[in-house]
Amino acid sequence: MNDFAKIFRPQKIEDLVGQRHLTSPKSAFFKLLKSKNIPHSFFYGPPGCGKTTMAKIIAKELDAPFYELDATGLKVEQFRKIFSRYKGTLVKPVIFVDEVHRLSKTQQEVLLIPMEENIAVIIGASTENPYFSLTSGIRSRSMLFEFKPLEHKDLEKLLKRVEEKIEFKIDEDAKEYLISSSAGDSRALLNLLEFAIKVDSCVSLSTLKSLRATMLKDGVSSDDTHYNLASALIKSIRGSDIDASIYYLARLIDGGESPEFIARRLVILASEDIGNANPNALNLAVSTMSAVSKIGYPESRIILSQCVIYLASSPKSNSAYTAINEAMKYVRNNPPLAVANHLKSPSPVGYLYPHDYGGWIKQNYLQKPLQFYRSKKIAFEKTLDEWIKKIRGEKNE
């Protein structure tokens, strides 16, 4: 039997499951592809959601040579060889770089001129948002496109395609587990199904669980599993209901959710919903994430339980969350404020070094006064308010 992931890889954009914001005939991306005007592009999103497939579809649509490179072991000379091969010709290859966020600054600089002169179409893919790892020169010459996890209905559609071409039977409970445990990852679904069929052409839940004992992290499933349970857990902790929090934690664990997925959500909550009302909440959540990644089940259930109880019992404040959101909103909707001369690097004459003035001295740090942070005056936040007033020599009320 051949590799399912290769057999069922879509050959044209119309056959790609999911990513309707890119594959819809009305989308800008679809129109650019069909007009053969694809820009240098960087795709980011979870595994198995179609990034590599889209790059291959682009090359086929453009009728262009396709080069697939991996940034983890890439050498600059590989780029130069490809560019020299097509220099002076009318052929424009598609160069696809996986794990693009791992490109060094030197490797990125090699791409600048070829991108500027359109010697090749450069496409990168990453499971992380590459915005912060790409240089401004690369970003200004390209477009970023987000790929989203495949939804339950997308994986159902993919499974139906397999059923139309491969003769096998699958129980309904097995079908649900196959989809829900695959983490929105088409490759994971196809790989599990392929080996399950090798075991028995009548695929059962027990066969699937013998091959994949627990759900992949960040899994996607239907109705009240996974995301709804994760959402209920977070909302219960936010609402300081310890017993409800533990119940939903137990449901996630019993459903085979990975401890790493749960821990990551707890780390986010510790900062978003507790923040500086209890700064130690973030420390404990990060420690939990580190511990469960090394220990796993069944013992990880105890560590997760301890963390959940602590977070649910902690005072809540979302002031850090709202502050950065307000600041990001301002930055996106307003012209950038110039950095004052006395704050530039290296510090010129005019900068007042606070340590020379007992720890604080009044001076302007922004071109105009702005306020994003508003303390909720809850628990340790109140202490921080007192600290900042004391630092500035203001009286505490």
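Keep in mind that what you see is a predicted model, and the values were worked out from it rather than measured.
The two atoms that bring T23 and G18 nearest to each other are OG1-O, 3.7 Å, heavy atoms only. Nearest heavy atoms, S126 versus H101: OG-ND1, 2.6 Å. Of all heavy-atom pairs between L192 and R212, the closest is CD2-NH1, 3.3 Å. Across S271 and L282, no two heavy atoms sit closer than the pair CB-CD1, 4.4 Å.
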Verify side chain to side chain donor-acceptor pair (under 3.5 Å) between K31 and S35, making sure each step is shown before the conclusion. CA-CA 6 Å; K31 292 176 181 178; S35 65; over 6 Å; no

Between K389 and E386, is a salt bridge (Lys or Arg N to Asp or Glu O under 4.0 Å) present by the stated rule, with each step listed? CA-CA 5 Å; K389 286 183 178 179; E386 293 170 355; over 6 Å; no

Apply salt bridge (Lys or Arg N to Asp or Glu O under 4.0 Å) to the pair K34 and E61, showing each step before the final yes or no. CA-CA 8 Å; K34 291 301 179 179; E61 191 76 31; 3.5 Å; yes

For K316 and N278: C-alpha separation, side-chain torsions, deciding distance, then whether side-chain contact (heavy atoms from CB on, under 4.5 Å) applies. CA-CA 8 Å; K316 308 298 189 294; N278 179 10; over 6 Å; no

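Residues R9 and T52 meet the side-chain proximity criterion, which asks for heavy atoms closer than 4.5 Å. F8 is listed as a side-chain neighbour of K165, based on a closest heavy-atom distance under 4.5 Å. Looking at I58 and M54, their side chains come closer than 4.5 Å, going by heavy atoms from C-beta outward. No side-chain heavy atom of I237 sits less than 4.5 Å from a side-chain heavy atom of D273. Two residues are said to be in side-chain contact when any heavy atoms from C-beta on lie closer than 4.5 Å; R102 and Q107 fail this criterion. Counting only heavy atoms from C-beta outward, the side chains of R141 and E116 approach each other to under 4.5 Å.
Linking ILVMFWY residues whenever their side-chain heavy atoms come closer than 4.5 Å, directly or via other members, leaves V121 and L103 in distinct clusters. Note: the hydrophobic cluster containing I38 also contains L22 (ILVMFWY, side chain heavy atoms under 4.5 Å, direct or indirect links).
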Enumerate donor-acceptor pairs with a distance under 3.5 Å from any side-chain N or O in residues 377-384 to protein atoms, sequence neighbours excluded.
unit_1 : atom_1 : unit_2 : atom_2 : d
E381   : OE1    : S317   : OG     : 3.3
E381   : OE1    : K376   : N      : 2.9
E381   : OE2    : S317   : OG     : 2.6
E381   : OE2    : S319   : OG     : 2.3

Can you give me every donor-acceptor pair (side chain of residues 328-335, partner residue at least two apart or in another chain, under 3.5 Å) with its distance?
unit_1 : atom_1 : unit_2 : atom_2 : d
Y330   : OH     : K368   : NZ     : 3.3
N333   : ND2    : K329   : O      : 3.0
N334   : ND2    : Y330   : O      : 2.9

List the atom pairs, donor and acceptor, that lie under 3.5 Å between side-chain atoms in residues 300-309 and the rest of the protein, sequence neighbours left out.
unit_1 : atom_1 : unit_2 : atom_2 : d
S300   : OG     : G296   : N      : 3.1
S300   : OG     : G296   : O      : 2.9
R301   : NH1    : P298   : O      : 2.9

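Using a cut-off of 4.0 Å between Lys/Arg side-chain N and Asp/Glu carboxylate O, K153 and E156 are scored as not salt-bridged. No salt bridge links K87 with E117; every basic N to acidic carboxylate O contact stays at or beyond 4.0 Å.
A cation-pi arrangement is absent between K56 and F96 under the rule of less than 6.0 angstrom and at most 45 degrees off the ring axis.
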